[in-house]
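Take a look at the structure set out below.
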Amino acid sequence: MKILARSFYDQDTVDVAQALIGKILVRKINGNTISGVIVETEAYRYKDDPASHTYGGMTGRNQAMFGPVGRAYVYFTYGMHYCVNAVAKSQDCDAGAVLLRSLVPLQGIDFMSVQRNTCDISNLTNGPAKLTQALMITKKEYGEDLTKKSSLYITDGFEIKKSEILAGPRIGIKKAIDKLWNFKTTKNVFEEN
DNA sequence: CTGTTGATCTGCT
DNA sequence: GCAGATCAACAGT
């Protein structure tokens, strides 16, 4: 399984969000391998996107989204939840990232069950804050290089056709809901719908 | 410095 | 379907 190259993230954020569907997120913890297929993403851009963290300029929290592509952007929200993004943008964009919303577990399911305190497979990683908890992703992973074989990276996965990707409004935000930058596939059985 | 809001999930009704 | 948990960024004083 090949790790996605830096150039993969060097495209328009919305394109990368679609391309990431079907790819595999891999996490290494103490010799354990935990992985899952990415089945839902959301694109967040910059000046044309009022819902993005970057709208309004760089801050201490979002500076990773302005940095080099192919890195992880982790943030803390609602007082108790972490979410992961992959920094991705084209050359003419100053900032952008793809939120990983949902996974289908592949390896390390027992580990995830312990983290999430449930045995329900379909409930392990089917939400942005759930998957960070299941994969033990915290602020320590802020800025991790996803193109190196480190403790967190993304590899090639299943081939998903454009026709199998569904676009819709992004979830949980009130701004820019006219932008259909939420992408998911119904190919896998574990999706909740 | 203070108050409000939020890219969420859980548990209860 | 709805409130609550709980904190970092931001706008306003």
Which is true for [X] with a 4.0 Å heavy-atom rule: it touches a base, it touches only sugar-phosphate, or it touches nothing?
X	answer
A/Ile173	sugar-phosphate
A/Arg61	sugar-phosphate
A/Asn85	base
A/Met65	base
A/Ala51	base

Would you say A/Tyr44 stacks on B/dA7, if stacking means ring centres under 5.5 Å apart and planes within less than 30 degrees?
-> yes
Note, A/Phe158 side chain near A/Thr185 side chain (heavy atom, < 4.5 Å) =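 The answer is no, as the side chains (C-beta and beyond) never meet within the 4.5 Å cut-off.
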Side chains of A/Leu4 and A/Leu20: closer than 4.5 Å at any heavy-atom pair?
->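 A/Leu4 vs A/Leu20: side chains touch.
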For DNA chain B, whose closest nucleotide is more 5', that of A/Ile171 or that of A/Lys130?
-> A/Ile171
Roughly how many Å is it from [atom1] in [X] to [atom2] in [N], rounded to a whole number?
X	N	atom1	atom2	value
A/Asn117	B/dG11	CG	P	9 Å
A/His53	B/dG6	NE2	P	11 Å
A/Asn126	B/dA7	CG	C1'	16 Å
A/Arg101	B/dC9	CZ	C1'	11 Å
A/Glu40	B/dT8	CD	P	11 Å
A/Leu124	B/dT10	CG	P	10 Å
A/Gln133	B/dT8	CD	P	15 Å
A/Lys139	C/dA8	NZ	P	7 Å

Other residues, nucleotides, ligands: >12 heavy atoms within 6.0 Å of A/Asn30 CG =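 No - once you tally the heavy atoms of other residues, nucleotides and ligands closer than 6.0 Å, there are 12 at most.
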More than 12 heavy atoms of other residues, nucleotides or ligands under 6.0 Å from CD1 of A/Ile29: is that the case?
-> yes
According to the Watson-Crick and G-U wobble definitions, with both distances under 3.5 Å, which nucleotide is paired to C/dG1?
->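 B/dC12 - that is the nucleotide pairing with C/dG1, both distances being under 3.5 Å.
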Counting Watson-Crick and G-U wobble pairs only, both distances under 3.5 Å, name the nucleotide matched with C/dT6, or none.
->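 Per the H-bond distance test, none.
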Check every atom of [options] against the side chain of [X] and return the nucleotide holding the closest atom.
X	options	result
A/Phe76	B/dT8, C/dA8, B/dT10	C/dA8
A/Tyr75	B/dA7, C/dA9, B/dG6	B/dA7
A/Thr59	C/dA8, C/dA9, B/dT10	C/dA9

Phosphate-side-chain proximity, A/Lys174 and B/dA7, N/O vs OP1/OP2 below 4.0 Å =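 Checking B/dA7 against A/Lys174, no side-chain N or O comes under 4.0 Å of OP1 or OP2.
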Would you check if the side chain of A/Arg45 reaches a backbone N or O of A/Lys89 as a donor-acceptor pair within less than 3.5 Å?
-> no
Of A/Met80 and A/Gly60, whose nearest nucleotide on DNA chain C comes first from the 5' end?
->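 Result of the comparison: A/Met80.
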For residues A/Tyr55 and A/Tyr44, establish whether the separation of their ring centroids is below 6.0 Å.
-> no
Would you say the base of C/dA5 and the side-chain of A/Tyr78 have a donor-acceptor pair closer than 3.5 Å?
-> no
